[in-house]
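Read through the structure below, which is laid out as structure tokens, and then see the notes.
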Amino acid sequence: MMKRIKISLIGMFFYALVAYSGNILTGLAKLSSWRSILIETCFFGIFILLFQQFRKTKESDDDYK
């Protein structure tokens, strides 16, 4: 579980970095704030955390044979 949380936090960091730099490059930084980007980042982190449950691994495939 901690591994999934760490991966989610790393993904959230990169998402926030890309989102804000994209807003700066396109000129939307005046219209958006850090608060809106952090809210988007939280939703993205929850998505990553939930999406990791559906990854297929060799160990989980062996249990169902």
With a 3.5 Å cut-off and sequence neighbours excluded, list the donor-acceptor pairs that the side chains of residues 34-41 form with protein atoms.
| residue | atom | partner | partner atom | Å |
| --- | --- | --- | --- | --- |
| Ser36 | OG | Ser33 | N | 3.3 |
| Ser36 | OG | Ser33 | O | 2.9 |
| Glu40 | OE1 | Tyr15 | OH | 3.3 |
| Thr41 | OG1 | Ile37 | O | 2.7 |

Test question: given the 4.5 Å side-chain rule for I, L, V, M, F, W and Y, name all other residues clustered with [X], or answer none.
{"X": "Phe51", "result": "Phe47"}
{"X": "Leu49", "result": "Met1, Met2, Ile5, Leu9, Met12"}
{"X": "Leu50", "result": "Ile46"}

Please list, one pair per line, the donor and acceptor atoms closer than 3.5 Å that link side chains of residues 17-26 to other protein atoms, with sequence neighbours excluded.
| residue | atom | partner | partner atom | Å |
| --- | --- | --- | --- | --- |
| Ser21 | OG | Leu17 | O | 2.9 |
| Ser21 | OG | Val18 | O | 3.1 |
| Asn23 | ND2 | Ser32 | OG | 3.0 |
| Thr26 | OG1 | Gly22 | O | 2.8 |

Hey, what do you get for CD (Gln53) to CZ (Arg4), rounding to the nearest 0.5 Å?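 Taking CD in Gln53 and CZ in Arg4, the distance rounds to 5.0 Å.
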For Phe43, give me all partners under ring-ring contact (aromatic ring centres under 6.0 Å, His included), at least two apart in sequence or on another chain.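 For Phe43, no residue satisfies ring-ring contact (aromatic ring centres under 6.0 Å, His included) once neighbours in sequence are set aside.
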Using the ring-ring contact (aromatic ring centres under 6.0 Å, His included) criterion, which residues pair with Phe13? Sequence neighbours excluded.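 Per chain and number, Phe13 pairs via ring-ring contact (aromatic ring centres under 6.0 Å, His included) with no residue.
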Identify the two heavy atoms, one from Gly45 and one from Ser8, that lie closest to each other, and give their separation to 0.1 Å.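 Closest approach of Gly45 to Ser8, heavy atoms only: O-OG, 3.8 Å.
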